[in-house]
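The structure appears right after this line, and notes come after that.
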Amino acid sequence: MATAKSKSARPRHYWLFKSEPESFGFAQFAREGRTFWSGVRNYQARNLLRDAIAVDDGVLVYHSNAEPMAIVGIAKVVKSGYPDHTAFEPKCDYYDADSDPSDPTWFMVDIECVGAMLPPLTREQCKAEPALVDMVLLQRGSRLSVQPVTAEQWLVILRLGKQKETW
DNA sequence: GCCAACGTTGGC
DNA sequence: GCCAACGTTGGC
């Protein structure tokens, strides 16, 4: 009898999450080990969080508005999309009065820290790498805070950052 | 449904 | 600090 094993698993997908170190930096994430990635208030990013990002996917953590701007760490998804409760908390910066708890507008995922990118792989280094010219991150005017990374880009980035595939 | 005005993001 | 690019809002 066929077992679940014979089903082809969904291939791992890869993502890049932006954060501003002033509000939630990688250091804090690494200390805590795991976090819920809340506060995304953009529909395109929301759709990825809700529909596309799955457990065990790989995540690059990127610092924007930082010196230097860089990919600073690697994480993996440990819980797929579920309602972002910070939208329901009036005192929270990310409160959204229009998000109804019975039909939430905003979603988040949980990620676990895999390791720091040491040293960080800077935006400049990424721009200098021909294999990364198509990265969403590097496109003119790109503002998406949760964005897809191809498997090829992921491998190039880990190689440039002297990281191993660690899981 | 159009689109001008506005607020935000985020690199530079 | 500047400002281009973008997403959202709201009048019509």
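Each chain gets a letter, A, B and so on, in the order the sequences are listed, and its residues count up from 1. Just the heavy atoms: all of them, side chains too, but no hydrogens, waters or symmetry mates, feed the values below.
The CG atom of A:L138 sits 20 Å away from the P atom of B:dT9 (whole-angstrom rounding). Rounded to whole Å, atom C1' of C:dG7 lies 14 Å from atom CG of A:D96. Computed from coordinates, the A:M69 CE to B:dG10 C1' distance equals 8 Å when rounded to whole Å. One interatomic measurement links the two molecules: CD of A:Q147 to P of C:dC6, which rounds to 14 Å at whole-angstrom precision. For A:L137 and B:dG10, the CG to P distance is 10 Å, given to the nearest whole Å. For the pair A:Q44 CD and C:dT8 P, the computed distance is 9 Å after rounding to whole Å. Rounded to whole Å, atom C1' of C:dT8 lies 10 Å from atom CG of A:N42. Counting to the nearest Å, the C1' atom of C:dC6 and the NZ atom of A:K18 are 11 Å from each other.
A:R123 has a side-chain polar atom (N or O) that falls below the 4.0 Å cut-off from OP1 or OP2 of B:dC12. Proximity of A:Y43 to the phosphate of C:dC6: no side-chain N or O atom is located under 4.0 Å from OP1 or OP2. A:R143 has no side-chain polar atom (N or O) that falls below the 4.0 Å cut-off from OP1 or OP2 of C:dG7.
A:M117 is not listed as a side-chain neighbour of A:K162, based on a closest heavy-atom distance of 4.5 Å or more.
For A:K91 and A:Y95, the positive end is not near the middle of the six-membered ring at less than 6.0 Å and at most 45° from its axis.
For A:E124, taking side-chain heavy atoms from C-beta onward, the closest of the listed nucleotides B:dC12, B:dG11, C:dG7 is B:dC12. Minimum atom distance to the side chain of A:K127 is reached by B:dC12, of the listed C:dG7, B:dC12, C:dA4.
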If you apply the rule side-chain hydrogen bond (donor to acceptor under 3.5 Å, both in side chains), what do you find for A:R50 with A:Y82, and how did you get there?
CA-CA 7 Å; A:R50 187 189 58 189; A:Y82 64 105; over 6 Å; no
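Using the six-membered ring where Trp is involved, A:W37 and A:F29 have ring planes that are perpendicular, over 60° apart on the 30 and 60° scheme.
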